[in-house]
Structure formats: C-alpha cells, structure tokens
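Below: the structure, in structure tokens.
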Number of protein chains: 2
Amino acid sequence: MNNSGRRWQRRSYHHGNLKEVLLEAARKLIQEHGAFGFSLTEAARLAGVSPAAPYRHFRDRDALLAEIARSGFERFAARLDAAWNNGIPTPLSAFEALGRAYLTFAREEPASYAVMFETGASAESGGEAIQAAASSPAAEKAFNVLQQAAAALCRQLPETERPPLKLVALHIWTMSHGVASLFIQEGSAAKKVPLSPEEVLESEMLIYLKGLGVLPEATDGVVSTEQA
Amino acid sequence: MNNSGRRWQRRSYHHGNLKEVLLEAARKLIQEHGAFGFSLTEAARLAGVSPAAPYRHFRDRDALLAEIARSGFERFAARLDAAWNNGIPTPLSAFEALGRAYLTFAREEPASYAVMFETGASAESGGEAIQAAASSPAAEKAFNVLQQAAAALCRQLPETERPPLKLVALHIWTMSHGVASLFIQEGSAAKKVPLSPEEVLESEMLIYLKGLGVLPEATDGVVSTEQA
DNA sequence: TGTTCATGTAAACGGCTATTACATAAAAGC
DNA sequence: GCTTTTATGTAATAGCCGTTTACATGAACA
C-alpha cells in the first residue's frame, strides 16, 4: 500500500532516508507557512510516514528545528568562508563578496535563516535546543569568518586608530543581519523600497568603511548622490 | 483597580476590560514562552475567562497578534519621536537619543518588538493580518522619524555629497534593528559579548556618521582603540 | 417593565504534539 | 541458514489548542 503520487517513494516498510527527508519537508513547510506555524505531522505526511515516525529521529519538534538551525549554520559558514576566500584578491573585493554571500544565503534558505536568527520569536524560556544550535561550533565558525574579514580590514589602519576587532565584526554582523531580516523575509517591511537588499547593504558598508578609514579615495563618489 | 489575589478581578458576568487585559496577558506570555508559542487559551485563563471569550474581541489568534503589532508600532513611533525631539538641542545628540530609544523599546517590550519585526518566522503566506500591521500608519510614522533624523543629518552636508535620504534612513534602521534583533532578544546570539547593545550601536553609528561626513572632529577619538 | 445587543459560557470538532505498545525488517551472532 | 537483536516503522491514545455554534447573562435603552 505504498505510494502512487507521493513525494518520496517508499521502497519498503522502512523508509531509508527519513531523517533527511523530514528536514527537507520541514524547511519547505517553514518557507510556506512560517517558521513556527509548521507542523511536524504535516512534515511526516509529506514524507509519507505516520505522525509518530519523526520521533524515531528527533526527540521532539524543537529538536528538529535545532537540527535545521545547526545544519543551516554549517552551510552558512561554508558559504561565507568561500566568499571571503581569505581576502583574495583584495580585502575590499572579498568583503563585498562576503556581504553578498550573506544576503544570498538568507534569500536561498529563508527557513533556515529564520530558525537560526529569529529565535526571539520562538523561544526564550522554551526552545533551548535552538539556542544551543546558535552557539554551536558551526555558528561560531560563521562569526569567525566575519571576524577575519574585520581583522583584514583593520590591518590597513594605523594601530592607534584601530577599533577592537570584535566590535568591528559585530558591526558588520548587525548591518548584514539588519538588512537580511528587514528586507529579505518576505512581507516583513520594506516592500515599497525600490532598492535591492544588496544595494542597501553595499552602500551602508561603503559609508561605514569610509568612516573606518579603510576606503581608497577612488570609491568616494559611490556613496554620494546617484539617485537623488 | 479593584482586585484581590487575581490578576483581574471579575466584577460580574461581564468582564469590562477584556480586550486590553487579553493583550496584556498575551504580551506577558509571548515574553515568557516565545512569540509564537503563546496560547490564546492560556491568555484567556490569565484573564479569568473561558477559551471562547477572546473571540468576542478578536477574529482569531492572528488578529490578536496583529493588534499587538499595531499598538506596538504606535508606542514605538511615539518613543522615537519623543527621543528625536525635532533634533533638539543638536541633531547629533538627538540622533544618539533616538538610537537609545530604539533599543530601549526593544528591551522593554520584547514581545511587541518580536511580533512587529520577526514576522518572517511567523508568516509569509499566513499571518497576513500581522503583515498589514507592519504597513500601518503607525509603522510608517515610526519610519518617518528615522527619515527626519536622516534628513537633519544630511542637511549638514554639501548637496553634491548628499546620499538619498531614504537610503540613509534605511541604513539607520538596519543598524538599529540588527543590534536589537541580535543582542536584545535573550539567548539569540551574542551572550559572551561583554558589550551592551547600546555600546555596539553607538560605536557603529559613530563610524557610519563619520563616513557620511557629518561628524565634528571632536568625536574622532571615540571610535578608535579604547579597549584594545 | 420589557426588548435588544454586547459579551460571556459550554460543548463539540478536528488538528497537533507526544507517548506507549506493537509490527516489521535489516543486521549480527551463532 | 536460523535465530536474536536492534533500528525503524504503525496504531491507538491522551491532552492541549483553535475555532465554531448554540445558549446564558446582564447592561443599555425604549
């Protein structure tokens, strides 16, 4: 009695790949119905198994979300790291690529991104598993990429004018997250804004970098009136 | 008020103030159990009424959240407006107050803030009511305060170097939201960071303003090495 | 006083999370 | 190969929640 038009062909009584399929289904549902309006039962339905089956792979609903967050942070870190590419060819161009990679991830995996960062809506007392994921090694690795970039940029400054690296990294993070959170999650806010998230973030970063003092004069004009 | 031990003493069969009490209870529960882990039934319990009672005041759960968002935006706009205070005594000091007011609101009303801005986690296809609140007049008024501030700051620049106002306003918004979202919602991310959200945002804004070119030289040192 | 309307309750339905007891088949030991 | 063990599925169930419907209460008003 196994499947006809189902999403994941059931070979036998045992599924064979249920865990990953459940994660995939959950990400899809989160994208559709919202990050915390998703239903474990519905994910099971999508995978073609009974509502109790997921509990063989995840302790509870929260554990599944935590796994989405954890694996999300891993891909996130990898993407950022690849984009930064050790600051090659130049710290500045690599930095730009880093910002774009950040936004790209948020756009391509909105479900993961929401679970990773919009945990304030989900938890505080509850949702400890997700919190744990947010301080997982993968999450730390992602932040380290930002910190590396900050370090490379600051290295161009005379030591006496160098702000704390962690602080600069946090600035970069808050700008990126601010843009991603406000502009990418559909419907959140700025829909009338005719600018792409990339344009907003890039211009913001340019002004910030100019303020830091790590911007060559050539790019001076970029941040001034182009669109009046 | 006329209570004894209960949260809201019932004078009679009719409650008299149920709508507001439900909103209050919901905000409390959201703060405790997470923005979307809250239960309408439990809010009703807190208010001392039956689970069906809320439906006399809100079409459904979403409508209650939308009302929290809407009223939240109103208080938010009022706070920002008061802090900005028309740029008095100086645009720069008023701007600093504005940033602090932003963070203060997020800290004092984390439930409201989460519902107002972390809608990506809640909705997209669903939760249209909340989306509507995010483009309500109140929300627009809040953004207008930011835009006023941006305008006042940019007025100090020669016209040829003036970036588009909306863009600067968006930059301010993304920085503020980034800090609020990452640092204020408990447990979200930076717990090991020994800096207050205010310190992060203020230093970030200073560098940004310096990049914009609207910072007097006196404050130059503030953004450089203080803590190594 | 009697009627109307706003606002409450009770009871019920279906969906969800999670648990428990049981079923099935793949792997491991003999 | 046959049996035992273990991993992974199902069925049935309990309890909570959202929401609806029919009914109850009492305040406002004619």
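So you know, we letter chains A, B, ... as the sequences are listed, proteins then strands, and number each from 1.
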### Task
Would you indicate which nucleotide in C/dC16, C/dT9, C/dA18 comes nearest to any side-chain atom of B/R56?
C/dT9

### Task
Find the distance A/R61:CZ to C/dT19:P and express it as a whole number of Å.
14 Å

### Under 4.0 angstrom between B/R59 side-chain N/O and D/dT19 OP1 or OP2
no

## Note on the structure
Rounded to whole Å, CZ of B/F58 lies from P of D/dG18 at a distance of 14 Å

### B/E42 CD - C/dC16 P separation (whole Å)
21 Å

### Message
Less than 4.0 angstrom between a side-chain N/O of A/S39 and OP1 or OP2 of C/dG15, yes or no?
### Response
no

### Message
Once you apply a heavy-atom cut-off of 4.0 Å, does A/T41 come out as touching a base, just sugar-phosphate, or nothing?
### Response
base

### Query
Start at the 5' end of DNA chain D and walk down; is the nucleotide closest to B/A52 or to A/L18 reached first?
A/L18

### Query
How long is the line joining CZ of B/R45 and P of D/dC16, in whole Å?
8 Å

#### Entry: Parallel, tilted or perpendicular: rings of A/F117 and A/Y102 (30°, 60°)
parallel

### Query
Rounded to whole angstrom units, what separation is found between the CG atom of B/N17 and the P atom of C/dT7?
12 Å

### Interatomic distance, A/L22 CG vs D/dT8 P [rounded to whole Å]
12 Å

### Task
Could you please name the option among C/dT9, D/dG9, D/dC17 that lies closest to any side-chain atom of A/A53?
D/dG9

## Note on the structure
Side-chain atoms of B/H57 come closest, of C/dG8, D/dG9, D/dT20, to C/dG8

### Value in whole Å for how far the C1' atom of D/dC16 lies from CG of A/L40
16 Å

### Task
Answer yes when B/E42 and B/R61 have at least one side-chain N-carboxylate O distance shorter than 4.0 Å, and no when they do not.
no

### Task
Select one nucleotide: of C/dA18, C/dT9, D/dG9, the one nearest the side-chain heavy atoms of A/Y55.
C/dA18

### Query
Is the backbone of B/E202 close enough, under 3.5 Å, to the side chain of B/R100 for a donor and an acceptor to pair up by distance?
no

### Query
Tell me: CD of A/E20 to P of D/dT8, nearest whole Å?
14 Å

### Task
Just call it for B/P51: base, sugar-phosphate, or nothing, with non-hydrogen atoms closer than 4.0 Å on any strand.
base

### Task
Specify whether A/F76 and A/F105 have parallel, tilted or perpendicular ring planes, treating 30° as the upper limit for parallel and 60° as the lower limit for perpendicular.
tilted

### Query
Thinking salt bridges, do A/E67 and A/R70 make one under a 4.0 Å N-O criterion?
yes

